[in-house]
J.: 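Quick one: this structure, given as structure tokens, is what I'll be asking you about.
Values below: all heavy atoms of this structure, side chains included; hydrogens, waters and symmetry mates excluded. Below, read A as the first sequence line, B as the second, and so on, with proteins coming before strands; counting in each chain starts at 1.
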Number of protein chains: 2
Amino acid sequence: MRGLRLTRPRRLILEAVRDTDVHPTAAFVYRRVRRRLPRVSLATVYRNLRVLAAEGVLAERADAGGLRFDGNAEPHDHFTCIGCGRIHDVPVRRGRAVRARLAAQTGFEVLNHRTEYFGRCGDCRRQGGRPSPKGQRRS
Amino acid sequence: MRGLRLTRPRRLILEAVRDTDVHPTAAFVYRRVRRRLPRVSLATVYRNLRVLAAEGVLAERADAGGLRFDGNAEPHDHFTCIGCGRIHDVPVRRGRAVRARLAAQTGFEVLNHRTEYFGRCGDCRRQGGRPSPKGQRRS
DNA sequence: GCACTGTTGATAATGATTACTAAAAACGTC
DNA sequence: GACGTTTTTAGTAATCATTATCAACAGTGC
């Protein structure tokens with residue numbers, strides 16, 4: 001984290017992302033930060049989420065519903081439950097081997113890769129039935 | 001492809017997606033279709049891209065720049081070149097094993113997974129240097 | 001032809017994200 | 001701690017992608 005001033009809005013934004021496990025959207029972070037800093041601006045939230053992501057303090061990811069942020073900046077994969085919509089972190093799988101194989105097959109230089117899993121989490125499996133509508137909800 | 005009328009706009013939209021290798025956005029498809037059907041509406045393009053994706057004729061995917069469509073509806077992974085921005089199809093890797101392992105570790109039922117690779121394609125490697133700005137361009 | 005159903009084009013509405021700007025805060029220097 | 005400089009902020013307008021609405025139209029079967 002090179003020269004990066006930790007102003008109060010910035011710190012609260014970072015804490016909001018880290019203190020939840022929902023891989024929040026900007027709107028979610030905004031609602032959270034507003035509890036402690038009611039006059040914060042939505043633009044400030046967006047701006048700082050991008051700044052913090054550029055610094056590598058946060059990770060940024062796009063999914064079907066838009067932009068999401070992740071307080072865990074270490075490499076890891078994601079599992080999205082189609083029942084409740086929650087996104088869980090899962091340990092990243094193999095490293096070099098897959099990249100080397102793809103490179104050999106295609107001539108691409110693979111610098112990075114990320115896997116997304118989709119399915120049903122333990123809770124939703126126990127409840128049986130099909131995905132509840134609330135699963136589609138954004139947060 | 002169950003009962004799905006192949007109207008002229010719909011057919012042209014499908015062809016536009018299939019006749020390119022760029023994994024186009026809706027705007028790109030719109031521009032293409034307009035060449036042959038100048039009065040087509042952007043809403044028609046969006047509507048039918050969704051319809052065709054729902055039918056399984058096309059695949060829909062979200063990335064940092066928004067929605068993209070893929071004429072290849074078979075399971076496969078993607079390699080995104082950070083140099084030129086192009087997205088290449090790559091064969092999907094192993095199937096069952098990885099899902100089973102994750103299920104055992106977490107209790108999740110994994111129904112599907114998808115891997116995104118990032119790196120530099122053959123052309124961009126040969127040209128050396130760092131990513132060209134045009135790489136960020138949308139199409 | 002006539003009723004019925006699905007599709008279209010045009011445009012308005014929505015929602016997320018970004019740009020802009022004047023004021024406030026943080027900093028370094030004296 | 002006042003002063004000039006730089007960064008950051010709040011507030012708001014602007015932009016952009018996507019979706020909704022709806023009247024007109026086309027296709028089908030009777």
J.: Counting just side-chain N and O atoms, does B/Y46 come under 4.0 Å of either OP1 or OP2 of D/dT18?
T.: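 Yes, such a contact exists.
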J.: Does a side-chain N or O of A/T25 approach OP1 or OP2 of C/dA16 to a distance below 4.0 Å, or not?
T.: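 Checking C/dA16 against A/T25, no side-chain N or O comes under 4.0 Å of OP1 or OP2.
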J.: Using whole Å, what does the distance between atom P of nucleotide C/dT7 and atom CG of B/L12 come to?
T.: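 After rounding, the reported distance stands at 16 Å.
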J.: Rounding to a whole Å, what distance do you find between A/R8:CZ and D/dA10:P?
T.: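 That distance rounds to 10 Å.
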J.: Can you run down the side-chain hydrogen bond (donor to acceptor under 3.5 Å, both in side chains) pairs that involve residues 102-112 of chain A, sequence neighbours left out, and say none if there aren't any?
T.: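 Of all non-adjacent pairs touching residues 102-112 of chain A, none passes side-chain hydrogen bond (donor to acceptor under 3.5 Å, both in side chains).
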J.: Only distances under 3.5 Å count here; give the side-chain donor-acceptor pairs of residues 38-47 of chain A to other protein atoms, sequence neighbours excluded, each with its distance to 0.1 Å.
T.:
from: A/S41; atom 1: OG; to: A/A43; atom 2: N; distance (Å): 3.0
from: A/T44; atom 1: OG1; to: A/R47; atom 2: NH2; distance (Å): 3.3

J.: Scan residues 33-44 of chain A against DNA chain C and write down, sorted by residue number, each residue with any heavy atom closer than 4.0 Å; if none is found, say none.
T.: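 Contacts with DNA chain C under 4.0 Å: A/L42, A/A43.
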J.: Please determine if a side-chain N or O atom of B/R50 lies less than 4.0 Å away from the OP1 or OP2 oxygen of D/dT19.
T.: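 Yes.
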J.: Take B/D63 and B/R68 through the side chain to side chain contact (heavy atoms under 4.5 Å, CB included) test and state the conclusion after the steps.
T.: CA-CA 7 Å; B/D63 74 0; B/R68 287 180 177 275; 3.4 Å; yes
J.: Please report, rounded to the nearest Å, how far the P atom of D/dA17 is from the CZ atom of B/F69.
T.: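 Going from B/F69 (CZ) to D/dA17 (P), I get 13 Å.
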J.: Do A/V29 and A/V51 sit in the same hydrophobic cluster, where Ile, Leu, Val, Met, Phe, Trp and Tyr count as joined when their side-chain heavy atoms come under 4.5 Å apart?
T.: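 In one cluster: yes.
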J.: For A/R36, is the CZ atom crowded, meaning more than 12 foreign heavy atoms sit under 6.0 Å from it?
T.: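 Not buried by this count: 12 neighbours or fewer within 6.0 Å.
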J.: Is any side-chain nitrogen or oxygen of B/R47 closer than 4.0 Å to OP1 or OP2 of D/dT19?
T.: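 The answer is no; no side-chain N or O of B/R47 sits under 4.0 Å from OP1 or OP2.
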J.: Can you measure B/I13 atom CD1 to C/dT8 atom C1' for me and round it to whole angstrom units?
T.: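 Distance, rounded to whole Å: 10 Å.
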J.: Within this structure, what is the CG-to-C1' distance between B/L67 and D/dC16, rounded to whole angstrom?
T.: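 That distance rounds to 14 Å.
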J.: Whole angstrom is fine here: how far is it from CD in A/E60 over to C1' in C/dT18?
T.: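 My rounded result for the distance is 13 Å.
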J.: Relative to the ring of A/H23, is the ring of A/H78 parallel (under 30°), tilted (30 to 60°) or perpendicular (over 60°)?
T.: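 Aromatic pair A/H78/A/H23 classed perpendicular.
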J.: Could you give the CZ-to-C1' distance, from A/F28 to C/dA16, as a whole number of Å?
T.: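 About 17 Å, once rounded to whole Å.
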J.: Look at A/T7 and D/dT7 and indicate whether a side-chain polar atom (N or O) is within less than 4.0 Å of OP1 or OP2.
T.: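 False: A/T7 side-chain N/O out of range (4.0 Å or more) of D/dT7 OP1/OP2.
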J.: Counting side-chain heavy atoms from C-beta on, which of C/dT5, D/dT8, D/dT18 comes nearest to B/A26?
T.: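 So the nucleotide nearest the side chain must be D/dT18.
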J.: Could you tell me whether B/R10 contacts a base, only the sugar-phosphate backbone, or nothing, with contacts defined as non-hydrogen atoms closer than 4.0 Å?
T.: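 The answer is sugar-phosphate, as B/R10 gets under 4.0 Å only of primed atoms, P, OP1 or OP2.
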J.: What is the distance, rounded to the nearest whole Å, between atom CG of B/L6 and atom C1' of D/dT28?
T.: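 So the CG-C1' distance, B/L6 to D/dT28, works out to 17 Å.
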J.: Would B/E116 and A/R61 satisfy salt bridge (charged side-chain N to carboxylate O under 4.0 Å, His left out), going step by step from the backbone distance to the final call?
T.: CA-CA 12 Å; B/E116 307 280 338; A/R61 37 180 259 109; over 6 Å; no
